[in-house]
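Written out below as structure tokens is the structure these notes cover.
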Amino acid sequence: MIGKPVSRVDGPLKVTGRATYAYEHIPDEPTLYGVIVTATIGCGRIREIDVSEAQRSSGVRTIITHENAPAQCSIEEAHLFDYWSGRPTLSGPNVTHYGQAVAVVVADTLVEAQAAANLVRVEYDIQPGKFDLAAAEDQAYAPKQLVLGTPTDSAVGDFDAGYASAPIQVDVHYRTPYCFSMPMEPNACIAVPRGDDVVLFVSTQIVDAARDSLAATLKLDPQRVEIVSPFVGGGFGSKLSIHSEAILAAMAALRLKQPVKIALTRRQIFHAVGVRPTSIQRLRLGAGSDGRLVAIAHEATMHTNPREEFVEASAVPTRSFYAAPNRLTRHRLVPLNMLRGEDVRAPGEAPGLLALESAMDETACALGMDPIEFRILNEPQVDPEQGVPFSDRRVVECLREGARRFNWQRRQARPASIRDGRWLVGFGVAAAIRVHPQMPATARVRIEPDGSCVVLSDMTDIGTGTYTILAQVAADALGMSIDRVRVELGRSDLPTSMGSGGSWGASSSSVAVYNACASLREKLKPAAGNESASLSGLVKRNFPDGLEADGESTAMWDDPNYAAYSVHTFGAHFAEVGVDSDTGEVRLRRMLGVFAPGRILNPKTARSQMIGGMTFGVGMALLEEAIVDPRSGAFVNGDLAGYLVPVHADIPAIDAIFLDGIDDKANPLGAKGLGELGICGAPAAIGNAVFNATGIRVRDFPITLEKLLPGLPQQA
Ligand code: MOS
């Protein structure tokens with residue numbers, strides 16, 4: 001079954017409306033509604049909060065503010081990932097960003113809660129805040145480390161000397177805006193008290209993190225918190241952590257001893273759920289006239305909230321991508337009174353590769369080389385900074401295969417050479433790399449007395465196809481038909497996993513299921529003796545109550561392969577755009593992604609992931625940008641009418657293909673993460689195509705028509 005394009009096993013539940021999402025659960029007792037009141041300033045302190053009128057409003061059951069909220073943890077940094085950390089909410093009068101929760105109003109109905117929320121009066125002492133990255137760049141500092149203890153900076157050889165000696169020098173700055181995850185399903189939670197315990201029906205990517213984070217925040221024993229999250233309507237990073245929806249629903253439910261449900265509004269999500277930091281990235285590439293890179297530097301500067309530090313590891317992909325003897329990477333943070341950053345759709349690589357792969361294109365142009373040949377010439381033999389071999393590096397194959405399928409030879413090296421009526425047509429390419437994180441995960445597999453099989457894990461399916469691939473892995477490993485396999489996910493009473501994030505979900509949880517099945521087979525061996533027998537038959541005859549076994553995946557930090565090899569996934573993107581020669585409007589005409597992420601568990605769900613990622617890339621290149629009100633740090637276009645994402649009409653025929661492969665160093669299944677690989681490099685391919693179409697290099701993303709208009713070539 002592994003490698004077959006199996007349709008989603010949960011598909012029928014979803015299309016018939018029987019898949020129950022967080023906000024749709026119906027508790028036994030009547031459920032109250034919470035509405036969150038948010039700060040209308042960006043920096044300062046609550047002087048007075050008057051809830052008297054709101055309190056008298058119809059149906060109101062409680063109003064919680066910092067004056068009567070329960071004691072909570074302080075912000076800590078003890079965890080490997082901060083998704084597990086406490087998230088104090090309504091914990092004091094200080095406002096550190098626009099849209100921070102300042103009160104929650106709980107009432108019998110949603111309408112009553114909304115009406116009363118409008119009656120909460122808040123007076124602030126406003127302090128001048130900092131909201132502009134470029135203006136505060138001189139206050140940049142180096143964070144102690146990046147995610148998973150990755151060093152903040154790196155240096156190999158002598159960058160300054162190498163760069164100074166290079167006959168071809170490219171020194172460019174790229175700017176990327178604030179962007180958001182924005183899944184369809186908003187962050188939502190129903191908290192149901194059970195005695196002193198609480199059950200959260202919550203939309204989360206990581207069940208274990210949701211439990212620990214809530215328990216830490218409200219100072220509860222984690223055993224008293226139960227999480228239920230069987231279906232999640234998209235995450236893209238925004239549900240790795242829980243936020244005010246879950247903390248405040250639980251706080252209110254425990255106080256009122258009655259279920260409370262809260263969903264963030266779309267506008268609240270833009271101001272409460274982490275944002276991709278805005279960045280300024282400087283790339284310096286020095287090359288010999290033969291096209292070989294002699295020096296490469298990538299310096300990423302981005303915003304952080306001063307109270308809650310967050311850094312995107314944007315320059316890290318540059319450490320492993322191209323050969324050059326002299327190298328330097330840096331990450332710097334500028335404290336702004338803005339929403340804290342969080343992981344958004346390939347954190348780090350997405351903005352980092354946008355800059356690097358644009359700069360590679362600029363350097364190829366400066367050399368007068370084809371950008372594919374330039375990349376292939378600078379292909380390293382080993383990881384250029386770790387010095388170890390790659391486990392399975394296939395960038396060159398992705399580039400060559402893509403070039404062939406995309407008819408790359410139709411590209412004209414000279415910009416603005418191809419016209420199609422009013423349209424200036426251009427081709428762009430970018431390569432992709434993403435680290436593969438193999439994470440700890442556990443799963444239990446049980447063969448029932450009737451011979452069917454159940455897979456159990458707290459792993460989530462955020463729309464990616466987890467139910468399906470775990471069923472495939474179990475069916476394969478046990479030699480059963482897939483319709484005999486049932487998968488239960490998304491509850492904290494099931495074996496612990498790392499959930500879905502960072503593209504680690506599928507490979508980590510699949511390995512746990514695979515190992516559980518292997519252990520089941522071992523347990524059944526003595527019963528089989530030397531006979532050949534079906535597993536279900538053996539269970540039926542020897543284990544009348546059924547038989548189960550647990551399995552786990554070895555984390556990368558415990559697997560020597562991850563020190564001996566550089567374990568990444570790779571790809572290449574090809575884009576053809578048309579730019580309206582009168583208006584500057586950019587339309588994507590074709591796009592192809594070629595990917596090498598090791599073994600593919602399910603080509604149907606995998607292809608959907610890649611096409612989704614490439615579509616994010618279109619957004620990043622051409623549309624997505626949250627614009628800051630410089631007076632308060634509010635996002636003026638903080639809704640889906642003003643924050644543009646690609647819709648069907650923006651996406652023509654795009655295709656994603658996979659190179660056959662298996663990475664036997666990554667894990668026993670040879671499969672690696674792929675969800676986020678699709679966005680890596682994708683926006684750069686589009687930007688490079690816009691340059692090829694027009695001769696205009698826009699380095700301030702997204703590429704909108706007003707940035708193209710002044711430079712458009714005159715009509716012949
Ligand atoms: Mo991903 S941004 O780690 O959900």
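Counting starts at 1 for both ligands and their atoms, following the listed order. Quantities reported herein were computed from a predicted structural model and do not represent experimental measurements. If you read the sequence from its start, that first residue is 1, and numbering goes on from there.
Within the listing of ligand 1, atoms 4 (O) sit less than 4.0 angstrom from a heavy atom of Q205. Counting the atoms of ligand 1 from 1 in the order shown, those under 4.0 Å from a heavy atom of D343 are 2 (S). The ligand atoms of ligand 1 that sit less than 4.0 angstrom from a heavy atom of L240 are 3 (O), 4 (O).
Among all protein heavy atoms, the one lying closest to atom 3 (O) of ligand 1 is G502 N, 2.6 Å. Taking atom 2 (S) of ligand 1 as the reference point, the nearest protein heavy-atom neighbour is R345 N, 3.1 Å. Regarding atom 1 (Mo) of ligand 1, its nearest protein heavy-atom neighbour is E676 OE2, 2.9 Å.
Contacts between V344 and ligand 1, counted as non-hydrogen atom pairs separated by less than 4.0 Å, involve the backbone only.
Between D458 and R211 there is no salt bridge, since no side-chain nitrogen of the basic residue lies less than 4.0 Å from a carboxylate oxygen of the acidic one. Between R276 and E624 there is no salt bridge, since no side-chain nitrogen of the basic residue lies less than 4.0 Å from a carboxylate oxygen of the acidic one. Salt bridge present: R267 and D639 bring a charged side-chain N and a carboxylate O closer than 4.0 Å. Salt-bridge check for E308 with R87: passed, with a basic side-chain N closer than 4.0 Å to an acidic carboxylate O. Remark: E185 engages K239 in a salt bridge, criterion side-chain N to carboxylate O under 4.0 Å.
At least one heavy atom of P347 sits closer than 4.0 Å to an atom of ligand 1.
Put simply, the side chain of L356 reaches to within 4.5 Å of the side chain of F321, judged on heavy atoms.
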